[in-house]
Amino acid sequence: MPELPEVEAVARTLRPLVCGHRIRRCRVLHTIAVRPQSAATVRRRFEGRRVENVERFGKYLTLRLDDGCAVLHFKLDGQLVWFDEHRVNGHIDIALHFRHGTLGFVDRRHFGRVLWFRAAEEVPGIRGLGPDPLSRDFTLDYLRSLLTKSRRPVKLLLMDQTRIAGLGNIYASESLWRARIGPRRLSHRVRPEEARRLHKAIVDVLSRALECCLDPAPDFRDPGWWFQGLERILGVYDLEGKPCRRCGTRIRRIQQAGRSSYYCPTCQR
DNA sequence: CCTGCTACCTGATGGC
DNA sequence: TGCCATCAGGTAGCAG
């Protein structure tokens, strides 16, 4: 559940479910999910702790505890499931048992992590995050200064979490399509009026995606839940060979830093 | 500091 | 059917 809108929707849905509740037991069913920490440490730190708040930092999700902090990252495929009872089924990596049910962290691919830190700010990946694009800190001036200072392709800059927190492969491609800027354009070659379009495109696409992710909201009780209807707002992602909605040209896919970038060769320059 | 590349894992899919 | 290659929404770590 990779990018900002999806993690934000999960945070908002999870908050009322676990805030104020105590983790009575923690089971580490796949120790790789807590690496490089130890299962014993994570269990000991989590058990008996009360969840004070659920927050999002970029694509990280945190459960602030009355002592310390549970830090979750879903990477590519991680997700949450909820059981109303203490019994769980299916592939579960980490189970957090509450009085009223059990929260499961699921990631068959084992890229995702559930870790304990004293505070969210102590997580290197969180400390290094750039401004959140849905916050006031993400101004047009900030984006322009970022672009001016970088010589990398703009798509890679958008995905750099230390510059902007939360954009990933889908919404980086989508933002550039909306702004009509080619993914390979060098950042410092983006002109001021294009930067303005890009700023609006980023905010708009993330806002629309978040609305989409909240309606319907994630249903952790359904083991097969996933976000519905996001295709409706996508213009290029995973649409190689399909006609561009603006000009009809076939969408192209290229590789950048090992990841697929999708774009319209006619309206993105 | 900046940038680019690889490893980390598992499962789904498509060509032969 | 089997086998192989390729692909997947991310990030840490290391080298130049």
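Each chain gets a letter, A, B and so on, in the order its sequence line appears, and its residues count up from 1.
The distance between atom CE of A/Met159 and atom C1' of B/dC2, rounded to the nearest whole Å, is 18 Å. The CG atom of A/Leu167 sits 11 Å away from the P atom of C/dT11 (whole-angstrom rounding). With rounding to whole Å, A/Leu72 atom CG is found 17 Å from C/dG10 atom P. Atoms CD (A/Gln255) and P (B/dT6) sit 12 Å apart, rounded to a whole Å. Distance A/Lys75 NZ to B/dC8 C1': 8 Å, rounded to the nearest Å. Regarding A/Gln256, its CD atom lies at a distance of 10 Å from the P atom of B/dG4, rounded to whole Å. Computed from coordinates, the A/Asp77 CG to B/dG11 P distance equals 10 Å when rounded to whole Å. Rounded to an integer number of Å, the gap from CZ of A/Arg127 to C1' of C/dT11 is 16 Å.
For A/Gln161 and C/dT11, the shortest distance from a side-chain N or O to OP1 or OP2 is below 4.0 Å. At least one side-chain nitrogen or oxygen of A/Arg259 sits closer than 4.0 Å to the OP1 or OP2 atom of C/dG10. In terms of phosphate contacts, A/Tyr262 brings no side-chain nitrogen or oxygen within less than 4.0 Å of OP1 or OP2 of C/dC7. For C/dT11, one of the phosphate oxygens OP1 or OP2 lies less than 4.0 angstrom from a side-chain nitrogen or oxygen of A/Lys59. In terms of phosphate contacts, A/His73 brings no side-chain nitrogen or oxygen within less than 4.0 Å of OP1 or OP2 of C/dG10. Distances shown here put a side-chain N or O of A/Ser260 below 4.0 Å from the OP1 or OP2 atom of C/dA8. Using a 4.0 Å cut-off, no side-chain N or O of A/Arg163 falls inside it from OP1 or OP2 of B/dC1. An OP1 or OP2 oxygen of B/dG11 is reached within less than 4.0 angstrom by a side-chain nitrogen or oxygen of A/Arg108.
When distances are taken from the side chain of A/Arg151 to each of B/dT3, C/dT11, B/dG11, the shortest belongs to B/dT3. For A/Ser150, the listed nucleotide lying nearest its side chain is B/dT3; candidates were B/dG11, B/dT3, C/dG10. With B/dG4, C/dA12, C/dA8 as the candidates, the nucleotide lying closest to the side chain of A/Arg152 is B/dG4.
In summary, of the residues considered (A/Ile92, A/Leu14, A/Val81), a side chain to side chain contact (heavy atoms under 4.5 Å, CB included) with A/Leu103 occurs for A/Leu14 alone. With A/Tyr263 as the fixed residue, the side chain to side chain contact (heavy atoms under 4.5 Å, CB included) test singles out one of A/Ile181, A/Ile251, A/Ile254: A/Ile254.
When each of A/Leu156 and A/Arg113 is assigned the nucleotide of DNA chain B bearing its nearest heavy atom, the one mapping closer to the 5' terminus is A/Leu156. Taking for each of A/Ile126 and A/Leu230 the nucleotide of DNA chain C with the nearest heavy atom, the 5'-most of the two is the partner of A/Leu230. Position along DNA chain B of the nearest nucleotide to A/Leu157 versus A/Phe111 favours A/Leu157 as the more 5'-ward residue.
Partner assigned to B/dG15 is C/dC3, using Watson-Crick or G-U wobble distances below 3.5 angstrom.
Ion pairing between a basic and an acidic side chain is recognised when a charged N comes within 4.0 Å of a carboxylate O; A/Asp132 and A/Arg56 show such pairing.
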Query - A/Arg185/A/Glu194 under salt bridge (Lys or Arg N to Asp or Glu O under 4.0 Å): CA gap, chis, key distance, verdict - result: CA-CA 11 Å; A/Arg185 179 93 68 87; A/Glu194 292 176 316; 2.9 Å; yes

Report task. Dump the intermediate steps for salt bridge (Lys or Arg N to Asp or Glu O under 4.0 Å) on A/Glu240 and A/Arg252, then the final yes or no. Result -> CA-CA 5 Å; A/Glu240 183 182 16; A/Arg252 286 207 192 137; over 6 Å; no

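Residue contacts shown for A/Arg253 are limited to sugar-phosphate atoms, with no base heavy atom under 4.0 Å away.
Taking the six-membered ring for Trp and the full ring otherwise, A/Phe138 and A/His199 have centroids separated by under 6.0 Å.
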